[in-house]
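We number each residue from 1, following the sequence as shown. Everything numeric in this text was worked out from a predicted model, so none of it was measured. For ligands, and for the atoms within them, numbers begin at 1 and follow the listed sequence. Below, all heavy atoms of this structure are taken into account, side chains as well, without hydrogens, waters or symmetry copies.
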Amino acid sequence: MKVIADLHIHSKYSRATSEGMELEALSKWAKIKGIGLLGTGDFTHPKWIDELERKTIQSDSGFLTYDGMNFCLSAEVSCVYLQDGKLRKIHLILLCPSIEIAQQLNEALAKKGNLEADGRPTLSMSAVELCEQALEISRKNLIIPAHAWTPWFSVFGSKSGFDSLRECFGEYEKNIYAIETGLSSDPPMNWRLSKLDRVQLLSNSDSHSPEKIGREANVFELDRLTYDELYDAICSKEKRKLACTYEFYPEEGKYHFDGHKACKVSFSPQQTKEHKGICPVCKKPLTIGVLSRVEELADRPAGFVPKNAVPFENLVPLKEIIAQALNKEPTSKAVQNEYLRLIEMFGNEFAVLHAADGPLLKHAGKRFAQAIKRIREGKVKKIAGFDGQYGQIIIFDEEEAKEGQTTLGAFG
Ligand SMILES: [Zn+2]
Ligand SMILES: [Zn+2]
């Protein structure tokens, strides 16, 4: 069966997240998006795991259910430690086969940091120690480097990361079966490192608010909807149970290019080299983004496709597409109304984004259908994100954008 999974989100117990990140809204929005399996996020937080235990139905599958939505126990931890004289800060995703095992893991991790302070706790332990403890508690626990390329807090990050999985995980490298590519990188960028051929490239939303669930996701082909099957799909790449991933255009992510947000400087890797990594405005070192790091560590040219590559699709969030088709703000009432109308019509967001031309034209109009076609063909203008500022995907040029309209239907 085909299951669309988003395995990395946060609850309301993480810092800087929406109060709405509760089971009710999570299930509701997962359905609106077309997600069939959602990470719980934050199982390390005592209050959240308590809620999960009380409010969800637990079965032999290893997943939890709430209001018809399936949840996989997931968490993200921030390991902060010194290695080889350098301060390392690494975010790691944990997936866990049962509440009991998650509780045992929490007991062990509570000795390394305050789990109550943040749904994404900071732990004074190395990635190696974390693997050691998690795998000792259960061989079925999964450790997955989160947003593997972002400058801060990631395994390959320019600020506090490593140059290889081996350097970070040592003897536990073999237990790292997947990495999360993050919003600012896509599979083709990761294919440029032969060392990553072995691992699965997963995509998740890392969402802090209900509406952003599923902005990136994984499409699995599972025999049954169980944790064991998911584990198998992630660990046994040759079985090809990861069918496809849904990706942001990496340019839209916050750290694709290098630069300084405050100085309004955005550089490609080539420009950064020309400026020797220094900001021409403030004369301080630039924040080196994801593309530069990939180029630094790559052993293959851009465009290389490995034999066992998993296919992927670039998606743009539906609200953004509607906003551009209507030439209005994504937060406007008109966009909101059209969004709900299309969800009602097609069933969920992924269904709208994948609808055939005929129904799109009929129900959403010519301009919207044209937008979807351009996204599918990659014929969009991309302005790369840098130093924490999101990039932009521009579907219609300025002249086209001015051709205002009132509703999508009006363009039928
Ligand atoms: Zn993170
Ligand atoms: Zn600067």
Problem - E76 N/O/S atom closer than 2.8 Å to the Zn ion (ligand 1) - result: yes
Handout entry: Which residues share a side chain to side chain donor-acceptor pair (under 3.5 Å) with E313, sequence neighbours left out
Key = H354
Handout entry: Rounded distance [0.5 Å steps], CD in E229 versus CZ in R224
Key = 4.5 Å
Completion exercise
So the angle subtended at the Zn ion (ligand 1) by H147 atom NE2 and H91 atom ND1, rounded to 10 degrees, is 100°
Practice task
Report the protein N/O/S neighbours of the Zn ion (ligand 2) that fall below 2.8 Å; do not count waters.
Solution key: H260 ND1, C263 SG, C279 SG, C282 SG
Exercise for the section: Quickly, which of H275, H260, H256 forms a ring pair (Phe, Tyr, Trp, His ring centres under 6.0 Å) with F267? Name it, please. Expected result: H275
Handout entry: Validation row, ring centre W149 to ring centre F156 under 6.0 Å
Key = yes
Exercise for the section: Please examine the side chains of N308 and R240, heavy atoms only from C-beta on, and report whether any two atoms are closer than 4.5 Å. Expected result: yes
Problem - R367 NZ/CZ over F396 ring centroid, <6.0 Å and within 45° of normal - result: yes
Problem - Under-4.0 Å salt bridge between K31 and D67 - result: yes
